[in-house]
**Q** 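Here it is, the structure, as structure tokens.
Naming: A, B, ... by sequence-line order, numbering from 1 per chain. Computed from heavy atoms alone, side chains included, the values below leave out hydrogens, waters and symmetry copies.
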Number of protein chains: 4
Amino acid sequence: MAGGVNKVILVGNLGQDPEVRHLEGDKVVANVSLATTESYKDRSGNRVDNTEWHDLELWDGLAKIAENYLKKGSKIYVEGKIKTDSWQDEQGNNRRKVRIRVQNLTMLDARTDGQGSPSNSSSNQAYNNNPSPQQMPAPNVAEGPADDDDLPF
Amino acid sequence: MAGGVNKVILVGNLGQDPEVRHLEGDKVVANVSLATTESYKDRSGNRVDNTEWHDLELWDGLAKIAENYLKKGSKIYVEGKIKTDSWQDEQGNNRRKVRIRVQNLTMLDARTDGQGSPSNSSSNQAYNNNPSPQQMPAPNVAEGPADDDDLPF
Amino acid sequence: MAGGVNKVILVGNLGQDPEVRHLEGDKVVANVSLATTESYKDRSGNRVDNTEWHDLELWDGLAKIAENYLKKGSKIYVEGKIKTDSWQDEQGNNRRKVRIRVQNLTMLDARTDGQGSPSNSSSNQAYNNNPSPQQMPAPNVAEGPADDDDLPF
Amino acid sequence: MAGGVNKVILVGNLGQDPEVRHLEGDKVVANVSLATTESYKDRSGNRVDNTEWHDLELWDGLAKIAENYLKKGSKIYVEGKIKTDSWQDEQGNNRRKVRIRVQNLTMLDARTDGQGSPSNSSSNQAYNNNPSPQQMPAPNVAEGPADDDDLPF
DNA sequence: TTTT
DNA sequence: TTTT
């Protein structure tokens, strides 16, 4: 035993729409590719962008949030942990893939008009009284069982 | 460009002594393998330990700290960012390796008597010979130029 | 002495325009009031919002960023540390005020057209008048000396 | 509503034994005073220690951990959120107190001999085979209901 | 592959 | 005092 902390905090944009798989037993996984870009000036004073791509894995309630509210370009804050998957490929080589298992997600896009869903702009009234998934993103959601109650309304 | 945050926070123990290389131009790199262990009870009530290994990369002042004060078993707090190195191997395959570039390091071992180590690793010698309580290492060091002043005493 | 970590990570919106003071010797301070809102359902299933207000203190380069780019409503990510100011008030009572000393700031608003503001606050003027793609703000800025170079263009 | 992140990460030492209160309905609260010390050299090259004291509040399972395993001097990692309590004092003045509501706790002391309890040194073997509360701290515990199962053994 |  |  050792105790320990394994925590990742990212703010970035999705490079693609989430890939969501519904598994047996009501399990859901979403895979999300997230870019974090660092911007700095090099010695010559030129601005340089440096982008790191992160493979996120979301389960159950968080996966449903991803499925329903995230898409290519969405900006999110996530908290999670680093997790390395290991396996052997067809040639018998040991392979490893590092992923971020997401434990908390906050959407950072403005929601003034349905986040790119073309129609259905919804007033705040509508948000409180009459939410529907297409209109109302989940601002901050933690990992947990796959109840529909994980959806934020 | 996009702005973004790419932050990792780890608390764990070194699996091995740091590997330190002195490069030309006073540059120093240390590679450190850090274990973070998560402990939980499975459904049958048995305690299960789950260890994740992280490849840390430290430069310059932080690398010297690693060289002089860290060894197998040391417990540390680090803050850094995820960074993927990509290259082609001899067979022409694209390879990727995820590392944590360390930006801040705090030593968490008690320092009362040589961090508990009975024997005489050379780093420990230096550690034990020189310091008096008032001079003991400031266990929290940030990334920066490789001055000797990065050493905490 | 003990080593230690004192880190705060916040994502929220400014409740007011920043208050900026230019001090002697080129020092600049900005005070910013930041709301973080937590949203949950109570037992009766009603959505409840819980807002915490944080007093941020930014110095020099970060203060200039605040002065030039932030205003009431801006959404930001900040990293900093907790810091308690203590003093005696006029009645001789000991008073304490907790502030967040900001060390890193990332702007999270979309920047497509002047950050959504229709009118002409002077900071926004500067923001709108000047920029070409190469000059756009680098939304992620760390604490450091008060050079104009801390401004992201 | 707004989404938002309010996160605090601290590593430090208890200034006093925890103060624990058992409330009706099986609720338990622990108040803990935690010091985080920052160490740096001033312009004259003298080492300066700067200590910040944090008022932590732990509930239920975490409070029991505090009650059973923490004491003056213990080193811990905590994760939590900032939370301001407001009230009126006897003179009718508005008063505010900032506290850290702890959501995660990791004990960082070496466990070689009962964390300062003088006897009962326990090998790792003992840890795996035969743990008893006095010997075996809780390495990493998250906030949750007050089951005895929150105790780590 | 994102974002600006 | 923000935000939705």
**Q** Among D:R101, D:R99, D:K97, exactly one meets salt bridge (charged side-chain N to carboxylate O under 4.0 Å, His left out) together with D:D55. Which residue is that?
**A** D:K97
**Q** Starting at atom NZ of C:K71, determine the distance to atom C1' of F:dT3, rounded to an integer number of angstrom.
**A** 14 Å
**Q** Indicate whether C:W53 forms a stack on F:dT1; treat it as stacked only if centroid distance is below 5.5 angstrom and interplanar angle below 30 degrees.
**A** yes
**Q** Over how many whole Å does the gap from C:Y40 atom OH to F:dT4 atom P extend?
**A** 21 Å
**Q** Taking atom C1' of E:dT3 as reference, at what distance in whole Å does atom NZ of C:K75 sit?
**A** 17 Å
**Q** To the nearest Å, give me how far apart CG (C:L56) and C1' (F:dT1) are.
**A** 13 Å
**Q** Look at the side chain of A:S33 and decide which nucleotide, out of E:dT1, F:dT3, F:dT1, has an atom nearest to it.
**A** E:dT1
**Q** Tell me which pairs pass salt bridge (Lys or Arg N to Asp or Glu O under 4.0 Å) where either residue lies in residues 8-23 of chain A, with sequence neighbours left out.
**A** none
**Q** Just the rounded figure in Å: distance from C1' of E:dT1 to CG of A:D49.
**A** 15 Å
**Q** Hydrogens and angles aside, do A:R47 and A:S39 bring a side-chain donor and acceptor to less than 3.5 Å of each other?
**A** yes
**Q** Is it true that the side chains of C:T37 and C:D49 contain a donor and an acceptor less than 3.5 Å apart?
**A** no
**Q** Pick base, sugar-phosphate or nothing for C:T51, based on heavy-atom distances below 4.0 Å to the nucleic acid.
**A** base
**Q** Once you round it to whole Å, what is the distance between P of E:dT3 and CG of A:L108?
**A** 15 Å
**Q** Report the distance from atom CG of C:N31 to atom P of F:dT2, rounded to the nearest whole Å.
**A** 18 Å
**Q** Among E:dT1, E:dT2, F:dT2, which nucleotide has an atom closest to any side-chain atom of A:Q16?
**A** E:dT1
**Q** Given atom CG of A:L14 and atom C1' of E:dT3, what is their separation to the nearest angstrom?
**A** 11 Å
**Q** Between E:dT1, F:dT2, E:dT3, which nucleotide gets closest to the side-chain atoms of C:T37?
**A** F:dT2
